[in-house]
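A short worksheet on the structure shown next.
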Amino acid sequence: MDTSDDLLGHLLSQVFGYPWPSKGGGFDTAQAYSVEEILTRDPDIVSIQSFTFGPDTKTVSAQYAENPVWKRITAVREGRAHEVPAELWASGRAPGRWA
């Protein structure tokens, strides 16, 4: 999860109600939100970045497709959970690289 302490999360929090603060404790725990925690905030839109390393690797969307909690999230239920290109989302965080 890009938290409000990360560059992207901070930028999003300047424009939208962005309810994802850092949990602290370093990279592995600061951004660790469970599906249940995501449901409690019930976002209208979800951007999903999947790192896939081969043709047999499932995207995050595919991994969670049958999860009953995931299906209850408004963005998922209403078709507004979108896979985003990892190349764009995760590399070159400087705005000039997105142009």
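Numbers here are sequence positions counted from 1. The basis for the numbers below is simple: all heavy atoms, side chains too, and nothing from hydrogens, waters or symmetry mates.
Between Ser50 and Val60, the closest side-chain pair of non-hydrogen atoms falls below 4.5 Å. Considering only heavy atoms from C-beta on, Arg41 comes within 4.5 Å of Trp20 through its side chain. With contacts defined as side-chain heavy-atom distances shorter than 4.5 Å, the pair Asp44/Arg80 qualifies. A heavy-atom distance below 4.5 Å is found between the side chains of Tyr18 and Asp2.
Around atom NZ of Lys71, more than 12 heavy atoms belonging to other residues, nucleotides or ligands sit under 6.0 Å away. Within a 6.0 Å sphere centred on CD of Glu78, other residues, nucleotides and ligands contribute more than 12 heavy atoms. Heavy atoms of other residues, nucleotides or ligands lying less than 6.0 angstrom from OH of Tyr64 number 12 at most. At most 12 non-hydrogen atoms from other residues, nucleotides or ligands lie less than 6.0 angstrom from CZ of Arg72.
Met1 and Val46 fall within a single hydrophobic cluster, where Ile, Leu, Val, Met, Phe, Trp and Tyr are joined by side-chain heavy atoms under 4.5 Å apart, directly or via other members. If you chain together hydrophobic residues whose side chains sit under 4.5 Å apart, Ile38 and Phe16 fall into the same group. Cluster membership check: Trp70 shares its hydrophobic cluster with Tyr33, using side-chain heavy-atom separations under 4.5 Å among Ile, Leu, Val, Met, Phe, Trp and Tyr.
Applying the salt bridge (charged side-chain N to carboxylate O under 4.0 Å, His left out) rule to Arg77 yields no partners; only residues at least two apart in sequence or on another chain are considered.
For the 3.5 Å distance criterion, the side chains of Thr74 and Asp42 qualify, holding a donor opposite an acceptor.
Note on Lys23 versus Glu37: salt bridge recorded, some NZ/NE/NH1/NH2 to OD/OE distance being below 4.0 Å.
Using cut-offs of 30° and 60° on the angle between ring planes, the pair Phe51 and Phe53 is parallel.
Between Thr59 and Glu83, the shortest heavy-atom distance links the atoms CB-OE2, 3.4 Å. Ser4 approaches Pro21 most closely through the heavy-atom pair OG-CA, 3.5 Å.
Rounded to the nearest 0.5 Å, atoms CD1 (Ile73) and OG1 (Thr40) are 9.0 Å apart.
Put simply, the side chain of Asn67 gets close to the backbone of Val69: a donor and an acceptor are under 3.5 Å apart. Side chain of Thr52 to backbone of Gly54: no donor-acceptor contact under 3.5 angstrom is found.
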